[in-house]
Amino acid sequence: MHFEYQIEGGNFTRAGFASSEIKKMMKQLNVDLGIIKRTVVATYEAEVNVVAHAYSGTIYVDFDEEKVVIKLVDEGPGIDDINQAMTEGYSTASSTVREMGFGAGMGLPNMKKNADDLQITSEVGKGTTVIITMFFAKSEQ
Amino acid sequence: MTVKEIAEKLDFQVLGGEKGLDQAVTTGYVSDLLSDVMGNARAGSIWVTLQTHKNVMAIASLKDLAAIILVNNHKPEDDMLAQSNEEGIPVLATSMGTFDVSGKLYELLRK
């Protein structure tokens with residue numbers, strides 16, 4: 001199964017839509033609830049990052065028997081130092097975004113904590129690609 | 001305890017999401033940082049916050065939270081309220097501040 005969702009940079013009213021759709025699909029597939037919860041956290045944070053930092057983006061979702069791969073490709077400023085960006089508390093979010101309760105430097109750490117596998121590649125001035133992989137077999141809770 | 005029982009006991013105003021009033025509340029979470037709630041709140045929580053925009057509902061829905069309480073007479077933005085009704089996740093309001101609301105909720109929920 002393959003799905004795609006568009007993300008518009010700066011449009012917070014739609015943030016979380018793709019995460020919600022992915023959650024619904026995983027429920028239909030009877031994926032373990034703990035895995036769904038972790039997927040939702042990682043995907044939502046990734047989605048919000050595109051809205052908060054990039055100009056536009058696309059989410060590509062691929063389900064197979066054993067996993068879901070969620071790939072977010074954005075056109076945006078990119079990340080100069082990914083290690084620094086992964087540091088809890090580090091953020092480059094605007095004051096507007098912070099006032100909404102985002103941009104506390106918790107997004108990427110949340111993604112890392114919850115994804116089974118997380119790959120981030122970025123080119124400054126072009127954009128960032130985030131790949132979240134979640135495996136269904138790891139039963140938990 | 002249900003959302004409705006809590007609202008009645010603590011005199012919270014129900015602003016939206018009435019469909020979810022019978023939802024059971026298991027615990028609470030207090031934060032105005034959305035990523036904190038995303039990362040740490042547990043399903044079935046009642047969420048105490050002063051954030052009033054639509055993303056609050058997105059998080060409440062994704063995390064299966066029971067209800068939201070807005071403190072200090074904060075009012076939800078129109079699209080937050082619309083989504084509260086759509087999702088059936090109640091938005092409650094109180095004139096109390098975060099400290100008092102949290103204390104009272106803690107007293108109620110630990111019984």
Side-chain angles (χ1 to χ4, degrees), chain A residues 5 7 10-27 33-53 85-91 93 96-115 141, chain B residues 16-17 20 23-24 26-66 68-72 74-89 91 98 102:
Chain A
Y5 305 94
I7 314 176
N11 184 359
F12 276 95
T13 62
R14 292 260 303 167
F17 177 79
S19 306
S20 172
E21 292 297 302
I22 292 166
K23 180 185 175 188
K24 281 180 210 160
M25 281 183 257
M26 291 179 86
K27 278 194 166 171
L33 195 58
I35 298 171
I36 298 179
K37 285 181 176 175
R38 289 194 290 108
T39 308
V40 163
V41 175
T43 310
Y44 181 76
E45 294 290 2
E47 212 180 329
V48 164
N49 275 350
V50 176
V51 176
H53 297 285
M86 294 301 294
T87 311
E88 197 137 356
Y90 180 82
S91 177
T96 315
V97 169
R98 287 170 198 253
E99 277 163 23
M100 291 176 80
F102 295 113
M106 299 176 76
L108 285 170
N110 265 355
M111 284 159 65
K112 196 175 181 190
K113 263 179 241 164
N114 287 282
Q141 288 202 337
Chain B
Q23 184 78 32
T26 48
T27 183
Y29 202 77
V30 183
S31 184
D32 301 318
L33 283 179
L34 274 60
S35 285
D36 175 38
V37 179
M38 201 64 215
N40 299 311
R42 278 180 283 164
S45 295
I46 191 160
W47 174 15
V48 183
T49 185
L50 48 68
Q51 295 287 356
T52 56
H53 52 87
K54 194 185 167 194
N55 298 276
V56 169
M57 297 314 305
I59 288 182
S61 167
L62 286 166
K63 296 292 284 184
D64 299 316
L65 304 185
I68 291 144
I69 304 177
L70 301 179
V71 297
N72 288 332
H74 275 70
K75 293 281 175 279
E77 291 171 16
D78 290 345
D79 55 0
M80 173 173 169
L81 200 56
Q83 206 181 336
S84 158
N85 289 323
E86 196 178 309
E87 304 255 4
I89 301 173
V91 172
T98 308
S102 305

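Here the structure is a predicted model, which means the values were calculated and not measured.
- Between B:L62 atom CG and A:E47 atom CD the span is 8.0 Å, to the nearest 0.5 Å.
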side-chain contact (heavy atoms from CB on, under 4.5 Å) for A:K23 and B:D64? Distances and angles first, verdict last. CA-CA 11 Å; A:K23 180 185 175 188; B:D64 299 316; 2.8 Å; yes

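- Within 6.0 Å of NZ on A:K112 lie no more than 12 heavy atoms contributed by other residues, nucleotides or ligands.
- For A:R98, the CZ atom sits in a packed shell: over 12 heavy atoms of surrounding residues, nucleotides or ligands are nearer than 6.0 Å.
- The backbone N or O of B:A43 sits nowhere less than 3.5 Å from a side-chain atom of A:K37 that would complete a donor-acceptor pair.
- For A:N11, the CG atom counts as densely surrounded, since its 6.0 Å shell holds more than 12 non-hydrogen atoms of other residues, nucleotides or ligands.
- In this structure, CZ on A:R14 lies 8.0 Å from NZ on B:K54, to the nearest 0.5 angstrom.
- B:M38 pairs with exactly one of A:N114, A:V41, A:V48 by the side chain to side chain contact (heavy atoms under 4.5 Å, CB included) rule, that one being A:V41.
- The NZ atom of B:K63 sits 11.5 Å away from atom OH of A:Y44, with the distance rounded to the nearest 0.5 Å.
- For residues 26-35 of chain B, the interface with chain A (any heavy-atom pair closer than 4.5 Å) comprises B:D32, B:L33, B:L34, B:S35, sorted by residue number.
- Minimum heavy-atom separation, A:M100 to B:N55: CE-ND2, 3.4 Å.
- Looking at every heavy atom in both residues, B:N40 comes nearest to A:M106 through ND2-CE, 4.4 Å.
- Not a single ring-ring contact (aromatic ring centres under 6.0 Å, His included) links A:Y5 to another residue, sequence neighbours left out.
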